[in-house]
Structures are given as C-alpha cells and as structure tokens.
2 protein chains.
Amino acid sequence: MKLTEAKAQFISSWGAFGTHWGINRTMAQIHALLLISPDPITQDDIMEQLSISRGNVNMNTRDLIGWGLVERVLIPGERKEFFSAEKDIWKVATQIIKERKKRELDPMLKLLAQLEQIEGDKKDREVKQFTETISGIRKFGGQADKVLDVMIKADENWVLNSLLKFFK
Amino acid sequence: MKLTEAKAQFISSWGAFGTHWGINRTMAQIHALLLISPDPITQDDIMEQLSISRGNVNMNTRDLIGWGLVERVLIPGERKEFFSAEKDIWKVATQIIKERKKRELDPMLKLLAQLEQIEGDKKDREVKQFTETISGIRKFGGQADKVLDVMIKADENWVLNSLLKFFK
DNA sequence: ATATATTTTCAATAAGTTTTGAAAATTCAA
DNA sequence: TTGAATTTTCAAAACTTATTGAAAATATAT
C-alpha cells in the first residue's frame with residue numbers, strides 16, 4: 001500500500017471511530033491528519049486535504065484545542081496560524097479521559113447522589129429497586145472515577161508510572 | 001424529591017449520558033426504565049411511560065437484547081412479552097465493554113496492522129511520521145485490548161476477581 | 001379454521017446535527 | 001490610518017439519524 005492510500009484510509013477510519021466516542025467525524029479526521037503530519041499545518045492545508053470548508057475547519061480546530069489535543073503554533077515570519085497535535089498517544093488518551101470524566105462522569109455522579117436521597121417507603125418495591133439501582137450505579141461510577149483519577153495523575157506517581165510504562 | 005420526579009430525571013439523564021457512549025437516547029432511556037423496574041414490563045408499559053411509538057420500542061428493545069443488556073421474559077398465563085434488564089452494574093459494564101471492543105476496537109486494530117506495513121522510504125519525513133503514529137496507536141490499542149480482555153474474563157480469574165470485588 | 005391479540009417491518013416524515021459560505025471582525029504591515 | 005490577509009461567526013442548506021404509524025406477519029385461544 002502507498003502512503004497516499006494509507007493516509008486516506010487512516011483519516012477515514014479515525015473519523016468513523018471518533019463518532020463512537022463522542023467526537024464528531026470531521027473533528028476526528030482533522031485530528032488524524034494532524035497526528036500524521038510531521039510539521040504544523042494551516043487552515044488552508046486542512047481545507048484542501050480534507051475537502052471541507054473554512055468555517056468547518058475553524059470550528060473543529062477550536063474544539064480540538066478545547067479538548068487539549070491540538071495547539072496553535074506561531075511560526076516566525078509566517079502570517080498564517082499553524083496547528084499541531086500532541087503525538088504521544090498515552091497523553092492523547094489521558095487527555096480524552098480527563099475531559100470526558102469532567103464533562104460526563106462527574107455530572108452524572110453528582111445527579112446520582114441527589115437521586116439516592118429520595119423520599120418514600122423503603123418497603124415499596126418501586127422505591128426499593130430505584131434506590132438499589134441508583135446506589136449500585138453510583139458506587140460503580142465512584143470507583144471508576146477514582147481509577148481514572150489515578151490514571152490521569154499517573155505521571156506524578158512513580159509506582160504507577162512505572163507500571164504504566166508498558167502502555168507508552 | 002418524590003419517586004416520580006426522580007425516575008423522570010434518571011431516565012432523562014441516562015438517555016443523555018448514553019448518547020456519549022455510542023448508545024442512542026431512546027435505547028438508553030428504555031434501559032434506564034428497565035433498570036429501575038422491579039418487575040419485567042411490556043412494550044405497552046414502555047410506550048406509555050416514555051411516550052414513544054410501538055415501532056420505536058420494538059426496534060430499541062431488540063437492540064438492547066443484541067447488546068446483551070435486556071432479555072425477553074415469558075410470564076405464564078400472559079399473552080404479552082415482558083422485558084427485563086440485567087441489574088448487576090458490573091455485569092452491565094462488562095457487557096458493554098465486550099460489545100464495544102468487538103464492534104470498534106478489534107476492527108480498528110486490524111486496520112492499523114495493515115497500515116503499518118506501508119511501502120516507502122523510511123527517511124521520508126511523511127512516511128516516518130505516519131508509521132510512527134500508526135504503530136504508537138496500535139501498540140496502545142493492543143495493550144488496551146489485553147486489559148479489557150482480562151476485565152471481561154475477570155470472573156474466571158480469582159486473583160483479579162477478588163481485586164475487582166471492590167467494584168461490585 | 002377463524003378471530004383476536006400481539007409483534008414486526010419499513011416507507012415516510014420529523015428531528016437533530018453538521019457543513020457551507022459569505023459577511024463581519026480581527027490582525028498586521030507599510 | 002488604510003488595505004490586504006487571515007480568522008471568526010452564524011443563518012441557511014445539506015445531510016444524517018431517529019421516530020412514527022399503519023400494514024403485514026406472527027402467535028394464540030376458542
């Protein structure tokens with residue numbers, strides 16, 4: 001397989017993959033393109049390589065920056081802005097976990113804690129099942145939360161860091 | 001907070017939460033409803049409680065069964081079919097992980113293995129960055145794959161099982 | 001067998017999301 | 001300043017996905 005074909009395939013699959021992970025197709029495709037670009041590239045490069053509009057590139061690069069996966073790079077002597085993606089996959093994964101935890105898991109756990117304190121007769125089958133389900137999810141979520149925190153902070157913890165080196 | 005209000009909130013949030021996890025809103029809402037129902041319920045119960053059409057319930061319960069999260073229950077003397085959800089959250093999580101691994105991670109790793117064997121001059125910056133990125137993702141994905149397999153099979157492994165009891 | 005209850009299918013439609021592109025805003029150099 | 005280059009915004013259009021509902025299929029009781 002030639003580079004051009006392989007690139008196209010990677011970008012397309014990473015885009016499809018992204019849609020399953022709360023990241024939209026184009027955002028994931030731009031991310032893919034940046035991951036395989038050895039040097040920072042411009043809005044126009046992205047527009048051209050992915051055949052998408054300027055507005056689209058602008059919005060999605062902004063989102064990628066919001067996710068902490070991409071950064072703007074200023075190149076001396078160049079008027080245009082350049083974009084570059086974090087290439088260390090461990091850092092990419094950590095960053096995504098961190099963001100999703102903040103955006104999804106944390107608010108869910110907060111809600112569950114409230115729902116657990118429902119008023120009502122505990123002998124009522126409905127009430128009983130409701131509180132049992134909510135508390136089961138909350139406990140599980142709480143543990144997941146802790147595990148993820150540990151992963152995110154792995155770099156500050158040498159025991160874990162050495163364990164996690166396997167992943168790097 | 002009263003049960004009725006709490007139920008509505010839980011169903012609505014679980015639905016929103018699901019959309020971030022590759023599960024559609026309605027499917028997640030039906031799942032939520034089943035999770036808090038002490039007894040199996042019918043299509044009509046679901047239609048009524050969530051105000052959705054018969055066809056919608058039918059398709060989504062079918063999908064939930066496909067994900068291994070819900071099962072049909074036959075109640076002696078009843079003409080209608082009843083549905084019931086697995087209530088053990090650890091099992092629910094395991095099942096979701098198993099399915100998503102099969103549907104998403106495995107095919108991605110297969111593709112990456114192919115893309116890694118690209119033809120081309122390794123001194124070319126483009127080629128170099130491409131293979132480095134692909135191989136980085138593949139290695140990371142491969143480790144994740146192993147970890148997930150271990151989690152899925154935890155019940156067969158007592159050391160892990162005792163570790164994982166924390167989650168249960 | 002027939003009637004009735006129940007489930008399934010799927011084309012049409014509705015709802016939601018992404019993309020475009022042109023106008024407005026901003027940045028920068030002379 | 002002014003003007004050209006560049007980036008940003010956002011309403012409208014295109015596209016995608018989810019939902020409805022009625023007809024067809026299936027199952028069950030008599």
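All values below come from the heavy atoms of this structure, side chains included, with hydrogens, waters and symmetry mates left out. Within every chain, numbering begins at 1; the chains are lettered A, B, ... in the order of the sequence lines, protein sequences first and strands thereafter.
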With sequence neighbours excluded, what pairs up with R62(A) under the salt bridge (charged side-chain N to carboxylate O under 4.0 Å, His left out) test?
none
Interface residues of residues 62-73 of chain B with DNA chain D (non-hydrogen, below 4.0 angstrom):
none
Round to the nearest Å and state the distance from I46(A) atom CD1 to dT6(D) atom P.
15 Å
Connected to L74(B), directly or through other members, by ILVMFWY side-chain contacts below 4.5 Å are none
Residues in salt bridge (charged side-chain N to carboxylate O under 4.0 Å, His left out) with E126(A), at least two apart?
K7(B)
Any donor and acceptor pair, going by atom type alone, linking the side chain of S37(A) with main-chain N or O of P40(A) inside 3.5 Å?
no
Rounded to 10°, the helix from dA1(C)-dT30(D) to dA30(C)-dT1(D) deviates from straight, judged by its five-pair end axes, by 20°
Is there a donor-acceptor pair closer than 3.5 Å between any side-chain N or O of R100(A) and the backbone N or O of H20(B)?
yes
Taking the hydrophobic residues Ile, Leu, Val, Met, Phe, Trp and Tyr, and joining any pair whose side-chain heavy atoms are under 4.5 Å apart, which ones share a cluster with M59(A)?
none
Sorted by chain and residue number, the side-chain hydrogen bond (donor to acceptor under 3.5 Å, both in side chains) partners of K80(A) (sequence neighbours excluded) come out as D44(A)
In whole Å, I'd like the distance from the NZ atom of K80(A) to the C1' atom of dA4(D).
13 Å
Just the rounded figure in Å: distance from C1' of dA5(D) to CD of Q43(A).
12 Å
Residues which pass ring-ring contact (aromatic ring centres under 6.0 Å, His included) with F10(B), listed by chain and number, not counting sequence neighbours:
W14(B)
What residues, two or more places apart in sequence or in another chain, satisfy salt bridge (charged side-chain N to carboxylate O under 4.0 Å, His left out) together with R79(A)?
none
Using whole Å, what does the distance between atom P of nucleotide dA24(C) and atom CG of N58(A) come to?
17 Å
Which pairs count as salt bridge (charged side-chain N to carboxylate O under 4.0 Å, His left out) when at least one residue sits in residues 26-35 of chain B, sequence neighbours excluded?
none
Could you work out, with side chain to side chain contact (heavy atoms under 4.5 Å, CB included) as the rule, every residue matching N24(B), not counting sequence neighbours?
T26(B), M27(B), N60(B)
Between protein and nucleotides 17-30 of chain D, map the contacts as a letter string: B base, S sugar-phosphate only, - none, heavy atoms under 4.0 Å, written 5' to 3'.
-SSBB-----BB--
Take the protein atom NE2 of H20(B) and the nucleotide atom P of dG16(C), then report the distance between them rounded to whole Å.
15 Å
